[in-house]
Amino acid sequence: MHSTTTKSQRSGGVIERYREFLPVSPATPIISLGEGNTPLIYSPRLSERAGRGCDVFVKNEGVNPTGSFKDRGMTVAVSKAMESGTRALICASTGNTSASAAAYAARAGISCVVILPAGKIATGKLLQAFAYGAKIVAINGNFDDALRIVRELAETGDFTIVNSINPHRIAGQKTAAFEIVDELGDAPDFHLLPVGNAGNITAYWTGYQEYLARETSTKLPSMIGFQAIGAAPIFYDRIIEKPETIASAIGIGNPASWKRARAAIVESRGAIDVVSDQDILAAQRWLAQHEGIFVEPASAASIAGLFKWSDSADATHSSQKIREPTRIVCTVTGHGLKDPDVSIGRMEKLKLVAATVPEVRRAIEL
Ligand code: F0G
């Protein structure tokens with residue numbers, strides 16, 4: 001078979017593709033699992049739901065190596081940690097950061113400690129941290145408690161923090177915005193995404209700004225973030241002591257990048273809004289059954305947000321105000337198989353059928 005693909009191109013991820021925008025040098029050892037380059041899928045049905053001549057695209061980050069967008073930032077954070085000679089990584093997590101950190105630590109050959117809020121981590125994510133060999137500590141507290149402990153533990157210098165308070169995480173994650181502009185030929189008009197610790201909205205905004213500054217794009221999108229109603233500190237403008245949501249990944253009451261997220265929203269003339277757990281689950285199901293994209297509940301917050309935005313004049317930022325032609329990108333952040341518990345609960349019990357064609361045909365027709 002003829003192939004011009006070199007060994008490094010095949011395994012290359014976001015550092016290889018966007019090296020000039022990232023804090024790496026020839027001396028940086030590149031720890032990559034081939035992250036990034038995720039599909040930007042045009043959705044005719046979402047476009048129809050949004051109406052008013054909108055074209056809606058879904059950036060599917062669930063197809064990264066560990067099934068979430070975290071891998072983009074983790075490749076940079078872990079490469080830089082290796083450059084500085086670290087021996088162990090540490091993070092607090094609602095699940096995806098820990099899965100990603102554990103995988104990149106394994107790839108780098110160093111250890112990884114993950115501090116998790118007990119009982120609040122989706123099954124698939126916990127399984128990933130185990131599978132990649134991380135040291136897992138479950139605390140009797142929430143994500144915000146876990147992050148506080150991680151910050152203190154890292155003060156000793158024994159660990160490198162790979163939460164998004166590590167600037168290399170944000171640097172890596174901004175590459176998602178680059179990919180979108182590279183593919184669309186310009187920035188979209190609106191970018192909708194779920195918000196938890198608020199690192200990702202900060203990272204996208206940074207990426208869009210850098211591309212504008214380089215004149216790779218001609219405009220900036222309005223950033224529209226969605227939080228779950230029970231975990232919406234930015235929307236309500238106060239710390240939520242006990243964040244509660246079915247979308248466990250974004251169950252955060254005191255986001256680390258709160259200020260920068262606020263700045264992104266204000267500067268981009270965007271908005272922060274809330275969606276209910278019920279709407280999140282309905283959107284998750286809709287996306288799977290109408291577009292074939294199965295995402296975890298937290299990721300469906302951007303789709304639930306688009307629906308709210310399109311259907312309701314009460315939404316903080318209603319699409320009724322927009323003019324055509326408008327391009328909207330919704331980021332879906334993590335794969336549905338990571339957080340299967342709710343979907344499993346909705347599965348119908350299968351009826352056993354005899355292994356004959358007539359019986360199977362009868363079962364199909366029922
Ligand atoms: N979607 C998913 C699937 C996530 O895992 C997260 C965050 C977010 C959205 C929100 O992104 O925090 O940058 O605003 N998960 C973190 C974690 C907190 O520990 O895995 P954010």
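Because the structure is predicted, anything quoted here is derived from the model rather than measured. Residue numbers count from 1 along this sequence. First listed ligand is number 1; within each ligand, the first listed atom is number 1.
Listed by number with element, the atoms of ligand 1 under 4.0 angstrom from any heavy atom of V195 are 14 (O). Numbered from 1 in the order shown, with element, the atoms of ligand 1 that lie under 4.0 Å from a heavy atom of G199 read 13 (O), 14 (O), 21 (P). Residue N200 approaches ligand 1 through these ligand atoms, each under 4.0 Å from one of its heavy atoms: 13 (O), 21 (P). Each of the following atoms of ligand 1 lies closer than 4.0 Å to a heavy atom of T97: 16 (C), 17 (C), 19 (O), 20 (O). Less than 4.0 angstrom separates some heavy atom of N96 from each of these atoms of ligand 1: 2 (C), 3 (C), 4 (C), 5 (O), 20 (O). Within ligand 1, the atoms closer than 4.0 Å to a non-hydrogen atom of T333 are 1 (N), 2 (C), 3 (C), 9 (C), numbered from 1 in the order shown.
Nearest non-hydrogen protein atom to atom 10 (C) of ligand 1 is G196 N, 3.5 Å. When hydrogens are left out, the protein atom nearest atom 11 (O) of ligand 1 is F69 CZ, 3.5 Å; that is the closest non-hydrogen contact. In this structure, the protein non-hydrogen atom closest to atom 15 (N) of ligand 1 is K70 NZ, 2.9 Å. For atom 12 (O) of ligand 1, the nearest non-hydrogen atom of the protein is N197 N, 2.7 Å.
Taking distance alone, with nitrogen or oxygen atoms compared against 3.5 Å, T94 approaches ligand 1 more closely than that limit. The shortest N or O to N or O distance between P194 and ligand 1 is not below 3.5 Å. No N or O atom of K125 sits closer than 3.5 Å to an N or O atom of ligand 1. Polar contact with ligand 1: absent for I201 (N/O pair, distance under 3.5 Å). Residue Q173 places no N or O, backbone or side chain, under 3.5 Å from any N or O of ligand 1.
Side chain to side chain, N64 and E35 fail the donor-acceptor criterion of an N or O pair below 3.5 Å. Using modelled atom types, one finds no donor on one side chain facing an acceptor on the other under 3.5 Å when comparing N163 with T97. Using modelled atom types and a 3.5 Å distance limit, the side chains of D189 and T326 yield no donor-acceptor pair.
Look at R214 and E20 and you find a salt bridge, because one of the NZ, NE, NH1 or NH2 atoms lies within 4.0 Å of a carboxylate O, short of that distance. Ion pairing of D273 with K308 is present here, as a side-chain N (NZ or NE/NH1/NH2) and a carboxylate O approach within less than 4.0 Å.
A distance-only check finds a donor-acceptor pair linking the side chain of S299 to the backbone of T333 [under 3.5 Å]. S68 contributes no side-chain N or O that, together with a main-chain N or O of G62, makes up a donor-acceptor pair within less than 3.5 Å.
The parts of S93 lying near ligand 1 are both backbone and side chain, judged by heavy-atom distances below 4.0 Å. Counting heavy atoms closer than 4.0 Å to ligand 1, residue I250 contributes side-chain atoms (C-beta onward) but none from N, CA, C or O. Only the side chain of I252 comes within 4.0 Å of ligand 1, judged by heavy-atom distances.
Annotation: salt bridge (charged side-chain N to carboxylate O under 4.0 Å, His left out) contacts involving residues 64-81, sequence neighbours excluded, comprise E61-R72, R72-E179, K80-E83. Every pair passing salt bridge (charged side-chain N to carboxylate O under 4.0 Å, His left out) that includes a residue from residues 243-265 is listed here, sequence neighbours excluded: K120-E244.
Few gaps surround OH on Y42; more than 12 heavy atoms of other groups in view lie less than 6.0 Å from it.
Put simply, no part of S164 is less than 4.0 Å from ligand 1, judged by heavy atoms.
Note: I252 CD1 to D144 CG = 6.5 Å, rounded to the nearest 0.5 Å. Note that CG of L147 is 9.0 Å distant from CG of N254, once rounded to the nearest 0.5 Å.
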